[in-house]
Amino acid sequence: MSDIKIGLPDGSTGTFSDGTTVRDVVASWKQDLLASTVAAKVDQALVDTSFKLHRDAALTLVDIGSKEGLGILRHSISHVMAQAVQDTFKNVLVTIGPSIEEGFYYDFEYAETFTPEDIEKIEKRMAELVAANYSFERREMSREEAVELFRGKGESYKVELLNDLPADVKTVSIYTQGGYTDLCRGPHIPSTGMIKAFKLLNVAGAYWRGDEKNKMLQRIYGTGFATKEALADYLRVIEEAKKRDHRRLGRELDLFQVNEEAGAGLVIFHPKGMLLRYLIEEWERKEHLKRGYDMVMGPQILKADLWKKSGHFDHYRENMYFTEVDNQPYGIKPMNCLSHMLIYKSKIRSYRDLPLRYFELGTVHRHEKGGVLHGLMRVRQFTQDDAHILCTPEQLNAEIRAIADFVGYAMGIFGFEYEVELSTRPKDSIGSDQDWEMATNALEQALKDNHMSYDVNPGDGAFYGPKIDFKLKDALKRKWQCATIQCDFTLPDRFDLTYIGEDGERHRPVMLHRVILGAIERFMGVLIEHYAGAFPVWLSPVQAVIVTVTDKHIPYGQEVYRQLVDAGVRAEGDFRNEKLGYKIREAQLQKVPYMLVIGDREVESRCVSPRQRDGGNLGAIGVDEFIKLIKDKCSAYK
RNA sequence: GCCGAUGUAGCUCAGCCGGUAGAGCAACUGAUUCGUAAUCAGUAGGUCACCAGUUCAAAUCUGGUCAUCGGCUCCA
């Protein structure tokens, strides 16, 4: 921390009234403390010392490229954008405009729709405001004064925000730049002239305060960086991310389609996509059997009464599809647990039998809202690598820890990073307070025992129990929920599951719902983007393509093809009458890991010359040697 | 579901103010037999998402439906 320079005009290190120094503040800021805590502290320092310290600290942080500094810069740009919007258009009300991970946004209420041309106008006005180099002036006032100020401007959303502040908040701060004033906690950069690189990205609808019952506002997204180069880099990354969009690659690599004729959110797997899926599923089965799971399988439809018994009918009905068989109502399963419950109930269970781990690659149907469907990521029919574990309360901790380890192992195999979240009881839920507390504690304790860092998501659990979510990140930095572990004390109750304990008495088992990869479809989508379609050898639908130079090399090419296929290598032969360069290009675009060129040299020496998709060349090697290479990669999951 | 945009050949896209469709790539056919990311020539390919309406006339205007895209809400 000692190398951090504080941007005070006189180069001194200021000291706050509570004895901490500027250095302390910036150091703690760097340690990822809640930015707001530090911001509040810096603002307090401003009041205490009359240094315009917060600005300079912010400026310094922007200069050294810290996350917090960038956040401050973007927040300031959002103010400038709000001003530009109100300068350019009449009857626009401002709401909120924070910085976010990739940039910033500001939500406006405006009767008309912002068009792309409008966005250009706004950008132009913003450039003028930046050129004018207005300073950001901070002022504090009582909340009553602030209410008066914003009411006078007709900014009803700001008034609502002020009125909803906690009662103990007596004073609020406002920031003014170039005659435009916004309610804001700060901090901000010293002046608009410091904005070197920004861009407005798109307009979208967003509910006021994120509640779908509220009015829909117009949200303008933008981003900003400390330098033009950084902005250009970011835009390049966006372009690159588009290229690896799984929907595009799914078509280009001929993996799958989501066809309008078939219906929204319904995936059709093509041969290569199905092969990829098969490889993932085989991996799953092997790993589950290794870990003491039993494979089971239930039907797609079960009587509606059973869904009533489980609570799904009351709590999940709007997401379910129903059908009728012989005048009896049936529910198409949105989850796999019911069959597993019936398997458990098929016998009297002893504590000696537990834990029981039922694993099913379970295909489910959920009626997702139209607007959320997205390629393979959000679909209406998908297959979960689902398991339900029934155990004694004493076994719970070890089971949860084993699952968390399994997830970690799986993420390592597929090369993903992930974050962990613990979600607690939601409003619409079933079960006693006591059960919820026990379940939540069990999950939390297991995370602690495994020394895993996690965030808590209050109220985000399933209706039947709390859960641990594992979120991995795709190429666009979007987080996708994949693995989840859900604790359930209520289903065993509803289905009256029991086991005979050591004491000879009947006891209630505990149940865990869990998935490792989540949904195969979504996982494949994430996988496609992660590898940009260039799958590791063990997952490549085609591992090697044999390319002949001329027709006279075809007989040896077919011989090699036969040897590879017999050895279990996924090979294809490209014996078309095309130039070598043309065939190489196609194999390259299909991201095949190895291209085996067969020409005079190879026929003569009875070998192959594998060209790698990264452009490298392995030189002339024997076919056996090549087969061994592929086999080794597969067994190492490379 | 909500806000906004979009839907023309397999893909990427042209097609002004309504007069009834075009390019490049891909595909197919022929020629070419050629060493590591595109050989040349020719041919074929479209109910302009779907359904109504306005009009002498609709890819074009209006309404509805379906679907997709960017978000919001929700979620594996």
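Because the structure is a prediction, the values reported are computed rather than measured. Each chain gets a letter, A, B and so on, in the order its sequence line appears, and its residues count up from 1.
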Relative to its sugar, using the 90° cut-off around 0, the base of B:rC17 is syn

Regarding the side chain of A:Glu602, the nearest nucleotide among B:rU73, B:rG35, B:rA27 is B:rG35

- What distance, rounded to whole Å, do you find between the two P atoms, one in B:rC69 and one in B:rA31? 44 Å

Out of B:rC75, B:rG1, B:rG35, minimum distance to the side chain of A:Arg522 belongs to B:rC75

Original post:
So what does A:Gly205 hit on the nucleic acid, given a heavy-atom distance under 4.0 Å: a base, only sugar-phosphate, or nothing?
Top reply: base

To the nearest angstrom, the CZ-C1' distance between A:Arg219 and B:rU73 comes to 11 Å

Open item on the list: For a quick test of reading the model: is some side-chain N or O of A:Arg380 closer than 4.0 Å to OP1 or OP2 of B:rC74?
Closed with: no

Paired to B:rU54 by Watson-Crick or G-U wobble criteria (both distances under 3.5 Å) is none

To the nearest angstrom, the CG-C1' distance between A:Leu472 and B:rA76 comes to 11 Å

Whole-Å distance, A:Phe114 CZ to B:rC72 C1', equals 17 Å

| For A:His374 and B:rG71, is the shortest distance between a side-chain N/O and OP1 or OP2 below 4.0 Å? | no

Below 4.0 angstrom, N of the basic side chain to O of the carboxylate: do A:Lys467 and A:Glu421 qualify? no

Picking from B:rU39, B:rG1, B:rG7, the nucleotide nearest the side-chain atoms of A:Tyr582 would be B:rU39

When both distances are under 3.5 Å in a Watson-Crick or G-U wobble arrangement, the nucleotide paired with B:rU6 is B:rA67

Here the pair of heavy atoms bringing A:Pro610 nearest to A:Phe626 is CG-CD1, 3.8 Å

RNA chain B nearest-nucleotide lookup for A:Gly265 and A:Asp551: closer to the 5′ end is A:Asp551

How is A:Tyr221 classified with respect to the nucleic acid when contacts are heavy atoms under 4.0 Å: base, sugar-phosphate, or nothing?
sugar-phosphate

Out of B:rU36, B:rG1, B:rA76, minimum distance to the side chain of A:Ile584 belongs to B:rU36

Counting any heavy atom closer than 4.0 Å, what does A:Val379 reach on the DNA or RNA strands: base, sugar-phosphate only, or nothing? base

- Message: Counting distance alone, no hydrogens or angles: does the base of B:rC74 have a donor or acceptor under 3.5 Å from a partner atom on the side chain of A:Arg378?
- Response: yes

(Q) Does A:Gly210 reach a base, just sugar-phosphate, or nothing at all? Heavy atoms under 4.0 Å. (A) sugar-phosphate

Notebook entry, point to check: Any side-chain N or O of A:Arg209 under 4.0 Å from OP1/OP2 of B:rC72?
Noted result: no

Presence of salt bridge, A:Arg236 and A:Glu239, under 4.0 angstrom:
no

Review point. Under 4.0 angstrom, heavy atoms only, what part of the nucleic acid is A:Glu521 near: base, sugar-phosphate, or nothing?
Key: nothing

When A:Lys333, A:Arg380, A:Gln381, A:Met335 are each screened for side chain to side chain contact (heavy atoms under 4.5 Å, CB included) with A:Arg366, the one that passes is A:Met335

Side-chain atoms of A:Lys369 come closest, of B:rA37, B:rC72, B:rG1, to B:rG1

Using Watson-Crick geometry (N1-N3 plus N6-O4 or O6-N4) or G-U wobble (N1-O2, O6-N3), each under 3.5 Å, B:rA21 is paired with none

Q.
Does A:Asn319 reach a base, just sugar-phosphate, or nothing at all? Heavy atoms under 4.0 Å.
A. nothing

| message | With rounding to the closest Å, how many angstrom separate the P atoms on B:rU36 and B:rA9? | response | 37 Å

Applying the 3.5 Å cut-off to both distances, the Watson-Crick or G-U partner of B:rU43 turns out to be B:rA27

Atom CE of A:Met595 and atom P of B:rA38 are separated, to the nearest Å, by 13 Å

Among B:rA76, B:rC2, B:rU36, the one nearest any side-chain atom of A:Met216 is B:rC2

*For B:rG64 and B:rC2, measure between their P atoms and round to the nearest Å.*
12 Å

Looking at the base of B:rG71, is there any donor atom on it, or on the side chain of A:Tyr207, that sits under 3.5 Å from an acceptor on the other one? no

Testing B:rU33, B:rC75, B:rU36 for proximity to the side chain of A:Ser609, the answer is B:rU36

Any A:Arg576 side-chain N or O less than 4.0 Å from OP1/OP2 of B:rC34: no

Answer for the Watson-Crick or wobble partner of B:rA59, both distances under 3.5 Å, is none

Exercise for the section: May I ask you to say what A:Gly371 touches in the nucleic acid, namely base, sugar-phosphate or nothing, with a heavy-atom cut-off under 4.0 Å? Expected result: base

Give me the distance, rounded to whole Å, that separates B:rC13 from B:rU8 when you measure between the P atoms they each carry. 9 Å

| message | Using atom P in both nucleotides, what's the gap between B:rA14 and B:rU54 to the nearest angstrom? | response | 31 Å

Closest to the side chain of A:Leu373, out of B:rG70, B:rG35, B:rU68, is B:rU68

Paired to B:rC74 by Watson-Crick or G-U wobble criteria (both distances under 3.5 Å) is none

Side-chain N or O of A:Lys467 closer than 4.0 Å to phosphate OP1/OP2 of B:rA76:
yes

| message | Within the 4.0 Å heavy-atom criterion, would you say A:Leu589 contacts the bases, only the backbone, or no part of the nucleic acid? | response | base

Roughly how far apart, to the nearest Å, are B:rA44 and B:rA27 at atom C1'? 9 Å

pair_partner(B:rA14), Watson-Crick or wobble, both distances < 3.5 Å, evaluates to none

Classify the nucleic acid contact of A:Val372 as base, sugar-phosphate or nothing, counting any heavy atom under 4.0 Å across all strands shown.
base

For A:Ser310 and A:Leu338, the nearest pair of non-hydrogen atoms, with its separation, is CB-CD2, 3.5 Å

Looking at A:Phe256, does the NZ or CZ of A:Arg277 lie under 6.0 angstrom from its six-membered ring centre and within 45 degrees of the ring axis? no

Note to self: Taking the ring centre of each residue, are A:His513 and A:Tyr464 less than 6.0 Å apart?
What the structure shows: yes

Margin query: Distance check, C1' atoms only: B:rA41 and B:rG35, in whole angstrom units.
Written below: 25 Å

Discussion item. Under 4.0 Å, counting only non-hydrogen atoms across every strand here, what does A:Gln588 touch: a base, just sugar-phosphate, or nothing?
Written reply: base

Note to self: What contact category does A:Gln481 fall into here, base, sugar-phosphate, or nothing, at under 4.0 angstrom with non-hydrogen atoms?
What the structure shows: sugar-phosphate

With the side chain defined as heavy atoms from C-beta on, A:Thr113 is closest, among B:rG35, B:rU73, B:rG4, to B:rG4

Contacts of A:Asp107 meeting side chain to side chain donor-acceptor pair (under 3.5 Å) (sequence neighbours excluded), chain-then-number -> A:Arg219

query: With rounding to whole Å, what would you report as the distance between B:rG7 and B:rC51 at their C1' atoms?
result: 15 Å

When rounded to whole Å, the CD to C1' distance for the pair A:Glu578 and B:rG30 reads 13 Å

Against the side chain of A:Ala264, the closest entry in B:rG35, B:rU68, B:rU12 is B:rU68

- Which part of the nucleic acid does A:Asp386 contact within heavy-atom distance under 4.0 Å: base, sugar-phosphate only, or nothing? nothing

Sorted by position of nearest nucleotide on RNA chain B, 5' first, the leading residue of A:Arg585 and A:Arg366 is A:Arg585

Next on the checklist: A cation-pi test, strictly: NZ or CZ of A:Arg317 under 6.0 Å from the centre of the six-membered ring of A:Phe313 and no more than 45 degrees from its axis. Yes or no?
Outcome noted: yes

Strictly below 4.0 Å, N to O, side chains only: are A:Glu586 and A:Lys583 in salt-bridge contact? no

